[in-house]
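Only this structure's heavy atoms are used, side chains among them; waters, hydrogens and symmetry mates stay out.
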Amino acid sequence: MIHARLLGASLLLGVLALAGCSQGTPSTATSAPATSAPAAAPVASPTVSVPAKFAAGGVRVALVRQLSSGDYFEQWLAGAQAEAQALKVTLEVSSGDGNNDKQALNLEQAVQQKADAIIVDHGFADTVQPAIKKAADAGIPLVAFDVDPGTPKAVALTQDDHKIAELALGALKADTGGTGEVVYVYVSGFAPLDRRNEVWTTFKKDNPGIKEVAQIGVVNNSTASAVADQAKATLQANPNVKAIFAPYDEFAKGAAIAVKELGLQDKVKIYGADISTADIGVITEPNSPWVATATTDPSNVGRIAVRAAALLVAGEQVEPEIKIPPALVTQKQLVDGKIANIEQLTTAIPELTTPDVAPVPWAVP
Ligand code: SR1
């Protein structure tokens with residue numbers, strides 16, 4: 001079921017890639033020569049030659065981040081750096097470390113320093129949009145991940161956040177039978193969390209047996225421990241809670257700490273988002289309360305951001321909106337499959353790797 005859905009999604013992405021391109025000039029792809037010889041096995045090879053600026057190692061892409069701590073952001077950066085290295089791109093990384101003014105200054109600086117492209121990674125619309133506009137006006141190609149750029153000139157990259165919430169809540173509903181008290185972990189203002197919140201709002205209306213008894217949440221440099229403290233107090237005040245919807249892995253990790261400290265593993269289950277090797281460790285611990293997470297592969301998303309930026313620098317076409325489909329990963333699936341790390345997970349769920357999204361024609365696939 002998951003496979004079929006994801007296959008459909010990637011086919012759709014492929015169709016969109018062919019039909020919906022709107023930026024840059026058309027890419028040149030070589031076509032196979034007409035021949036009567038039997039078809040040889042396909043051999044992976046680049047379809048266009050490396051643009052001169054890339055070959056010379058002269059492409060600078062600024063990655064301007066709002067946040068950088070936590071498994072998700074570390075894996076995402078590792079993917080972005082690996083792709084940059086493969087494409088001979090210099091990735092100039094800055095982080096606001098949760099300080100939105102600092103991120104806006106970093107963005108201004110990337111514009112002033114005339115980066116060949118800018119990737120804006122998270123951020124609040126009112127703090128980043130003024131500098132994004134300056135970059136767009138200056139003709140600097142832009143990729144906006146998980147932030148509303150406020151201009152159609154930027155490629156908007158997201159994970160399918162509605163699907164992430166739907167998958168996690170589908171598991172919550174299946175396990176609870178659609179009834180019971182639930183604690184919700186959320187902080188507004190972060191675009192992906194706001195989109196997941198839209199699904200939660202609808203889910204509550206559609207499932208009147210689900211009662212949200214408390215909303216908690218913090219995003220800072222120690223999100224998991226702050227959420228753990230909040231969740232512990234909330235669970236003590238609400239002894240009938242049977243589920244926690246925590247759609248960000250730092251939230252889910254914090255919730256898991258609280259449930260374990262209170263010895264409530266048999267009563268309270270956690271439905272989260274995102275994954276990392278450390279998260280897999282938490283989910284597969286004996287009697288772990290974190291039973292399901294809906295996720296992409298974060299490093300794959302970082303790779304896509306860099307590929308999209310590189311394509312724009314080369315004047316190639318890129319879809320104006322790129323949405324990466326997630327998969328549901330359950331505790332049972334990880335335990336039964338003896339999956340202990342991200343490499344094993346992506347082998348078990350190959351749809352988490354999406355080389356067909358923003359492919360770079362001069363790179364070996
Ligand atoms: C604070 S926002 C955290 C989310 O950003 C990314 O979309 C990850 O999926 C994470 O859940």
For a quick test of reading the model, state the closest non-hydrogen atom pair linking V128 to G123 and the distance between them.
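Shortest heavy-atom contact: CG1-CA, 4.4 Å.
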Give the minimum heavy-atom separation between A314 and P51, together with the two atoms involved.
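Result for this residue pair: CB-CG, 4.1 Å.
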Consider only side-chain heavy atoms of I, L, V, M, F, W and Y, link residues closer than 4.5 Å, and tell whether [X] and [Y] are in one cluster.
X: L169; Y: V268; answer: yes
X: I257; Y: V227; answer: no
X: V213; Y: L264; answer: yes
X: I164; Y: L328; answer: no
X: F190; Y: I119; answer: yes

Under 6.0 Å from the [atom1] atom of [X], do we count more than 12 heavy atoms belonging to anything else shown?
X: K204; atom1: NZ; answer: yes
X: Q85; atom1: CD; answer: no
X: K133; atom1: NZ; answer: no

Under the rule for salt bridge (Lys or Arg N to Asp or Glu O under 4.0 Å), what residues qualify as partners of E181, not counting sequence neighbours?
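Not a single residue meets the salt bridge (Lys or Arg N to Asp or Glu O under 4.0 Å) criterion with E181.
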Can you name the residues that form a salt bridge (Lys or Arg N to Asp or Glu O under 4.0 Å) with E74, not counting sequence neighbours?
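Result, salt bridge (Lys or Arg N to Asp or Glu O under 4.0 Å) vs E74: none returned.
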For side chain to side chain contact (heavy atoms under 4.5 Å, CB included), just list the numbers for D175 and K269, CA-CA rounded to whole Å, side-chain angles, deciding distance to a tenth of an Å, and then say yes or no.
CA-CA 9 Å; D175 291 353; K269 304 297 176 192; 5.5 Å; no
Take E250 and K253, measure what salt bridge (charged side-chain N to carboxylate O under 4.0 Å, His left out) needs, and give me the verdict at the end.
CA-CA 5 Å; E250 298 303 315; K253 273 189 279 195; 3.0 Å; yes
Less than 4.0 Å between a side-chain N and a carboxylate O, is that true for D206 and K173?
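No, this pair does not count.
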Charged N to carboxylate O below 4.0 Å: is that the case for K163 and E166?
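Salt bridge flag = yes for E166 with K163.
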Which distance, rounded to the nearest 0.5 Å, do you find between the [atom1] of [X] and the [atom2] of [Y]?
X: E343; Y: T277; atom1: CD; atom2: OG1; result: 5.5 Å
X: T234; Y: I216; atom1: OG1; atom2: CD1; result: 4.5 Å
X: F145; Y: L157; atom1: CZ; atom2: CG; result: 5.5 Å
X: I132; Y: T151; atom1: CD1; atom2: OG1; result: 8.5 Å
X: L172; Y: T176; atom1: CG; atom2: OG1; result: 5.0 Å
X: T354; Y: D297; atom1: OG1; atom2: CG; result: 8.5 Å

Taking [Y]'s backbone N and O only, do any of them form a donor-acceptor pair with [X]'s side chain (distance below 3.5 Å, no angle check)?
X: E83; Y: G79; result: no
X: T330; Y: Q333; result: yes
X: E316; Y: V360; result: no
X: N207; Y: G209; result: no
X: K267; Y: K242; result: no
X: R196; Y: Y186; result: no
X: R65; Y: D121; result: no
X: T158; Y: D146; result: no
X: T293; Y: A273; result: yes
X: K153; Y: P149; result: no

Any side-chain heavy-atom pair from [X] and [Y] closer than 4.5 angstrom?
X: L142; Y: V155; answer: no
X: Y248; Y: V185; answer: no
X: T295; Y: P326; answer: no
X: I275; Y: I342; answer: yes
X: S288; Y: Q331; answer: yes
X: K205; Y: T201; answer: yes
X: W290; Y: D279; answer: yes
X: V301; Y: Q159; answer: yes

Aromatic contact, F54 with W362 (centres under 6.0 Å)
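Aromatic pair counts; centres sit under 6.0 Å.
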Between Y271 and F245 (judged by ring centroids, cut-off 6.0 Å), do the two rings come close enough to count as a pair?
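Judged by ring-centre distance (under 6.0 Å), Y271 and F245 do not meet the cut-off.
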Exactly one of L63, L67, D71, D274 should register a side chain to side chain contact (heavy atoms under 4.5 Å, CB included) with W76. Which one does?
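When side chain to side chain contact (heavy atoms under 4.5 Å, CB included) is applied between W76 and each of L63, L67, D71, D274, only L63 qualifies.
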Positive for side chain to side chain contact (heavy atoms under 4.5 Å, CB included) with I118, one of V61, N106, V111, L312
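Of all the options given, the one that passes is V111.
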I'd like to check the side-chain hydrogen bond (donor to acceptor under 3.5 Å, both in side chains) partners of D160; sequence neighbours left out, ordered by chain and number.
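Residues passing side-chain hydrogen bond (donor to acceptor under 3.5 Å, both in side chains) with D160: none at all.
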Tell me, please, which residues at least two apart from E92 pass side-chain hydrogen bond (donor to acceptor under 3.5 Å, both in side chains).
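For E92, the residues satisfying side-chain hydrogen bond (donor to acceptor under 3.5 Å, both in side chains) (neighbours in sequence not counted) are R60.
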Could you check V182 against K211 for side chain to side chain contact (heavy atoms under 4.5 Å, CB included), going step by step and ending with a plain yes or no?
CA-CA 6 Å; V182 176; K211 300 272 179 256; over 6 Å; no
For the residue pair [Y] / [X], report whether a side-chain donor-acceptor contact shorter than 3.5 Å exists.
X: W200; Y: E212; result: yes
X: N100; Y: T127; result: no
X: Q75; Y: S299; result: no

Checking side-chain hydrogen bond (donor to acceptor under 3.5 Å, both in side chains) against S69, which of N221, T223, N220 comes through?
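Only one option passes, and that is N221.
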For H162, run the side-chain hydrogen bond (donor to acceptor under 3.5 Å, both in side chains) check against R195, E198, K323 and tell me which one passes.
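Among R195, E198, K323, the one meeting side-chain hydrogen bond (donor to acceptor under 3.5 Å, both in side chains) with H162 is E198.
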Criterion side chain to side chain contact (heavy atoms under 4.5 Å, CB included) on F251 and V187, from CA distance to verdict:
CA-CA 10 Å; F251 292 167; V187 176; 4.1 Å; yes
Selection residues 100-120 - residue pairs positive for salt bridge (Lys or Arg N to Asp or Glu O under 4.0 Å), sequence neighbours left out:
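Sorted result for residues 100-120: K53-D116, D97-K102, E108-K134.
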Residues which pass ring-ring contact (aromatic ring centres under 6.0 Å, His included) with F73, listed by chain and number, not counting sequence neighbours:
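F73 satisfies ring-ring contact (aromatic ring centres under 6.0 Å, His included) with H122 once adjacent residues are dropped.
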